[in-house]
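Everything below concerns the one structure shown next.
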Amino acid sequence: MATQTHAIPLAARQPRSGLGSDLDSTRAPPALPPIPRKKQTAVLLSAFMTIALTIGYNQCYGVFQEYYLSAGQDVLEPAPASRASPPTALLAFVGTLCYGLTWAGGILVNPVISRIEHGTWDPATPSTHRLWRRRILRKLLTPRTITISGVVLIAAGFALASLSTSIWHLLLTQGFLVGLGMSMLYFPLLAPAPEYFTNHRATAMGFILAGGGTGGLIFSPVIRALLSSVGGRWTLRIYAAFNLVAGLPIAWAVPQSRFAAASTAEGPERRNTHVSRALASRATFIFSAVAAFLQAAGAQLPLSFIPSYTVVLGLDASKGATLLATSNAINAVSRILTGYAGDRFGRQNTLVLTLLLAATSVFAFWLSSVLATTSSASLPLWLAFIVLYSFSAGGYYGLFPALIAEVFGIRQYAAVNAFILLVRGLGTMFGSPVGGQLLGTSDEGTAAYASIAYWDGALLMGSMACCVGVRWADGKGKGWKWIA
């Protein structure tokens, strides 16, 4: 591939009203360095693989959850299936804790990365002792230190989980340690990615975020096959080794923020990683945060219960893993297509439409499947739901990074994205455990999932309404456009 370079302006579009006055500066922003095509390709591939390892795993945790609830599992003692009331909500929280920390950790990881790139760890006093310490800090405190430490934590979390005997052991290892490690890998590679693209930013981010569906497509059947052949403990050990081998090259490829190379009178420009009070009070920000919380709470519910609901319909666990993999495959394709559609028809318009389709699919197909009186009637509705929901749910993941850059400006991306993902992490840790509490008894059959379907549909409808609010507030501040 040719190494042509293009100087691409990334200055944020300035709003015409006072809503964005806190983001403006009296001086013009410094010019950013040009982007080599090879660098864009490297950012795409490394970020794609990062998403596959982190979000891809999180989207197929339902396979582990179904295994832990089965009578044949060999990890937990006593087996949850032997209890009168299986701890479904607590086991669901193992997965949502990991997913939530993967996103929520950005509120800590992003500022650390920014300070490392900007050099603000360096002491200002040029004494001999401080100069020696400065050299040590420059060698040890690098973005690669963070990402490599994250990979080691991920592998350690899965390895220690293989020694677990209680659910709280899984919460500390497969939940907390793995989630923290994934956050340390996720944000250093994903936060600077939008800075390398402009005209086709939504398409590029859609491709990157399609790694989540691709990872889930691959990991779901592989994990299910390993659980069936070697058991839970050895599956966790094998998966720990895989993450170490696959994750270290990705961690080494972490890109530098383009703002770190932009010069100002004071030195390298530092990315803004903190949300100001003025920014937090904007209607667009408030609507975006609430939408993120509700969407994260609702989006993970079907993925958490696809394997178990499929078993309730009379199919075996391997079919449940296959359907989860199919859902992830459709989701991956959707993220690319909706990113492309967002670039052509407006990212906010496309986002509202996909959320409306996701909520509609829950009420029209999943709830109808739950309320059907026979399995022969429930199964086709369930399959239709998986297809439509997986396609429509991918829209938010593919569009919201580019939407943040569009609404708030690329220089505010790191700060707003970290906060929004913190909120999404909290939403993830809220939605599935509540769904587990709403789950009825096994004697009810498919009807046990009725309350979960109502809950999921309500969360997604609320998220869609808040995205309409973002569309309204952004249009009011910048001037209405039909394609936005």
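In this chain, residues are counted from 1 in sequence order. For the numbers below, each heavy atom of this structure counts, side chains included, while hydrogens, waters and symmetry mates do not.
Ile330 places a side-chain heavy atom less than 4.5 Å from the side chain of Val387. Taking 4.5 Å as the limit, every side-chain heavy atom of Gln412 sits out of range of all side-chain heavy atoms of Ile404. Two residues are said to be in side-chain contact when any heavy atoms from C-beta on lie closer than 4.5 Å; Arg335 and Phe207 fail this criterion. Using a 4.5 Å cut-off on side-chain heavy atoms (C-beta onward), Tyr99 and Gln300 make contact. Between Thr322 and Pro221 there is no side-chain heavy-atom pair separated by less than 4.5 Å. Annotation: side chain of Leu244 is in contact with side chain of Val151 (closest heavy-atom distance under 4.5 Å). In this structure, the side chains of Val407 and Gln348 come closer than 4.5 Å at one or more pairs of heavy atoms. Side-chain atoms of Ile167 and Pro87, non-hydrogen and from C-beta on, do get closer than 4.5 Å to each other.
Here the CG-OG distance, from Leu356 to Ser463, works out to 11.5 Å after rounding to the nearest 0.5 Å. Taking CE of Met49 as the reference point, atom CD1 of Ile208 lies at 13.0 Å (rounded to 0.5 Å). Between Thr310 atom OG1 and Asp316 atom CG the span is 10.0 Å, to the nearest 0.5 Å. For the atom pair OG1 (Thr354) and CG (Asn349), the distance works out to 11.0 Å, reported to the nearest 0.5 Å. To the nearest 0.5 Å, atoms CE (Met429) and SG (Cys98) are separated by 10.5 Å.
When all heavy atoms of Thr338 and Thr350 are compared, the pair lying nearest together is O-CG2, 4.0 Å. For the residue pair Leu97 and Leu171, the shortest heavy atom distance occurs at CD2-O, 3.5 Å. Of all the heavy atoms in Ile51 and Tyr186, the pair that sits closest is CD1-CE1, 3.3 Å. Closest approach of Gly431 and Leu301 over heavy atoms only: O-CD2, 3.6 Å. Between Ile154 and Leu185, the shortest heavy-atom distance links the atoms CD1-CD2, 4.3 Å. In terms of heavy-atom proximity, Cys466 sits nearest to Leu294 at SG-CD1, 4.4 Å.
With ring centers used as reference points, Phe242 lies 6.0 Å or more from Phe158. In this structure, Tyr389 has its ring center closer than 6.0 angstrom to the ring center of Phe385. When ring centroids are compared, Trp382 and Tyr309 come within the 6.0 Å threshold.
With hydrogens and angles left out, the side-chain atoms of Ser308 and Tyr449 include a donor and acceptor closer than 3.5 Å. Between Arg224 and Ser318, the side chains place no donor N or O within less than 3.5 Å of an acceptor N or O (distance only, hydrogens not considered).
Here the rule is ring-ring contact (aromatic ring centres under 6.0 Å, His included) with Trp455, and of Phe305, Phe430, Trp366 only Phe430 fits it. Exactly one of Ile386, Leu337, Val333 qualifies for a side-chain contact (heavy atoms from CB on, under 4.5 Å) with Phe391. That residue is Leu337.
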> Would Ile250 and Leu53 satisfy side chain to side chain contact (heavy atoms under 4.5 Å, CB included), going step by step from the backbone distance to the final call?
Replying inline: CA-CA 10 Å; Ile250 298 170; Leu53 279 183; 3.7 Å; yes
> Step by step, would you call Thr428 with Trp103 a side-chain hydrogen bond (donor to acceptor under 3.5 Å, both in side chains)?
Replying inline: CA-CA 9 Å; Thr428 300; Trp103 282 335; over 6 Å; no
>> Between Ser327 and Ile306, does the side chain to side chain contact (heavy atoms under 4.5 Å, CB included) criterion hold? Intermediate values first, please.
In response: CA-CA 9 Å; Ser327 172; Ile306 280 177; 4.1 Å; yes
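Between Tyr61 and Tyr68, the ring planes lie tilted relative to each other; the angle falls in the 30° to 60° range. Phe419 and Phe285 have tilted rings, their planes meeting at an angle from 30° to 60° on a 0 to 90° scale.
More than 12 non-hydrogen atoms from other residues, nucleotides or ligands lie less than 6.0 angstrom from CZ of Phe363.
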Run the side-chain donor-acceptor check on residues 212-220: report pairs under 3.5 Å with partners two or more places apart or on a different chain.
| residue | atom | partner | partner atom | Å |
| --- | --- | --- | --- | --- |
| Thr214 | OG1 | Ala210 | O | 3.0 |
| Ser220 | OG | Gly216 | O | 2.9 |

